[in-house]
Number of protein chains: 2
Amino acid sequence: MKQAAKTQQKTEKANGQPSPKRGAILDAATRVFLGASYGAASMDAIAREAGVSKQTVYSHFGAKNVLYGAVIHEKCSQLMAPLLTVEHHGAAPEKALLGVATRFLKLILAEGNMAHYRAVVAESGRFPELAEAYYMAGPKKAVENLAGYLSLMDKKGSLKVADPLGSARLFFAMLRGDLYMRRLLRMAPEPTDGGVEAAAGQAVGVFLDAHAPK
Amino acid sequence: MKQAAKTQQKTEKANGQPSPKRGAILDAATRVFLGASYGAASMDAIAREAGVSKQTVYSHFGAKNVLYGAVIHEKCSQLMAPLLTVEHHGAAPEKALLGVATRFLKLILAEGNMAHYRAVVAESGRFPELAEAYYMAGPKKAVENLAGYLSLMDKKGSLKVADPLGSARLFFAMLRGDLYMRRLLRMAPEPTDGGVEAAAGQAVGVFLDAHAPK
DNA sequence: GTCTATAAAAGGATAGAC
DNA sequence: GTCTATCCTTTTATAGAC
């Protein structure tokens, strides 16, 4: 638990090729950690899943919590990348917002992200820095991006937005609706495209009603 | 793990008085389970916290998972009771909705409920029946209640609500906004009354814009 | 019923050979 | 670097006295 920082590089040779075993371990750890919970996941299970001895796991990542941190960070960069751009080439606000909404919903409702988010929430006590990293890389970025767009639309007169950040937060809050909670509690399967579009449409409609230029 | 059902009653004497130790154990278990996570909580810690020997814990609740289930169920009934009524004596919809919104927000953002919800989410894999019980007793009830009220307002012409259930879900989704997520991730403390009212006001405003009678 | 003491198992981490 | 074998702590659960 002390030597968190120095176990990173020993798997790269002079040529910078990452070890294949390291990737296998990380994949296996992702499945095991996110399939269960931090407490329920054992290093034995991870080693078995990766087809590798336990000692090899410890050679690459010095301790369980380090490995867990690597898993969460990895997922974080994977998941958030595709989201966050509003394409504001001249399209009408309805179009643009519907696009953002459907992409956002598909992303956050996907099983990969749900499992990740459950894990982050569950271990936010033991690993506060991971919770913060998640929030900064995901929800916060998304909100700021959308706020920029809303602010632009306000200047152009296409929308009436007094508080871009507040409105952007509200927009995403509307999208994270009942379905999102049921997914979080594992009560609903990943929705179809139709389900996603319906949810997106309702939220966009209400949002536009409240932000129509007078 | 087999004898889940038969350890319930042995703490009541012929007069029906519940044993005080049982309550102490349940309180202690609530603190320990909800302070950490299922995996991180140990039966030793619970016994110590309750001021009781470990064997006594096992006498009352046969196993760790049974005790955990009892804790979650207990919390469930405690927390959801105060919420869920809309007072629709003739007050204007703004007033009524603001009342619902502030009470709802205060309830769900309170540390007790946050800890409970984190625990339910975290262990929804191991205890799906607890996740379902939570959803049924809490969010679902709240939505149905509000939908009834909205439907009434629609009939009276005070609001325009085509889909009461959908609108009710959206209303609560708006309330569970950014602040809720940051609370879930333990990044924000319990908000002041002012913070709660501001969030409630924004959501109610947008909701009314979209449901004004034409 | 409640306690002290103990069994039995699981899991995190390490030693040492190759 | 990777493996096998092992240590040692923690934790669930039980036995038996009072």
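Heavy atoms only: backbone and side chains are in, while hydrogens, waters and symmetry mates are out. Computed from a prediction, not measured in an experiment: that's the story for all the values here.
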Report yes or no: does [X] contribute a side-chain atom to a donor-acceptor pair with the main-chain N or O of [Y] at less than 3.5 Å?
| X | Y | result |
| --- | --- | --- |
| B:Q202 | A:G166 | yes |
| A:S167 | A:P164 | no |
| B:R118 | B:L184 | yes |

Take atom [atom1] of [X] and atom [atom2] of [N], then tell me their distance rounded to the nearest Å.
| X | N | atom1 | atom2 | answer |
| --- | --- | --- | --- | --- |
| B:K64 | D:dT14 | NZ | P | 15 Å |
| B:F61 | D:dA13 | CZ | P | 14 Å |
| B:D44 | C:dC3 | CG | P | 14 Å |
| A:Q55 | C:dG12 | CD | P | 14 Å |
| B:M43 | C:dA5 | CE | P | 20 Å |
| A:L67 | C:dG12 | CG | P | 11 Å |
| B:I46 | D:dT12 | CD1 | C1' | 11 Å |
| A:Y58 | D:dC3 | OH | P | 15 Å |

Checklist line | Short side-chain N/O contact to D:dT2 OP1/OP2 from A:T56, under 4.0 Å | finding: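 So the side-chain polar atoms of A:T56 never come under 4.0 Å of the phosphate oxygens OP1 or OP2 of D:dT2.
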Item checked: Short side-chain N/O contact to D:dT2 OP1/OP2 from A:H60, under 4.0 Å ->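 Indeed, a polar side-chain atom of A:H60 lies that close.
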Within the structure shown, what part of the strands sits under 4.0 Å from [X] by heavy-atom distance: base, sugar-phosphate, or nothing?
| X | answer |
| --- | --- |
| B:K54 | base |
| B:A41 | sugar-phosphate |
| B:S42 | sugar-phosphate |

Next item on the list: Please report the closest heavy-atom contact between B:R126 and B:G39, naming both atoms and the distance.
Entry: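 Heavy atoms of B:R126 and B:G39 come nearest at NH2-N, 4.4 Å.
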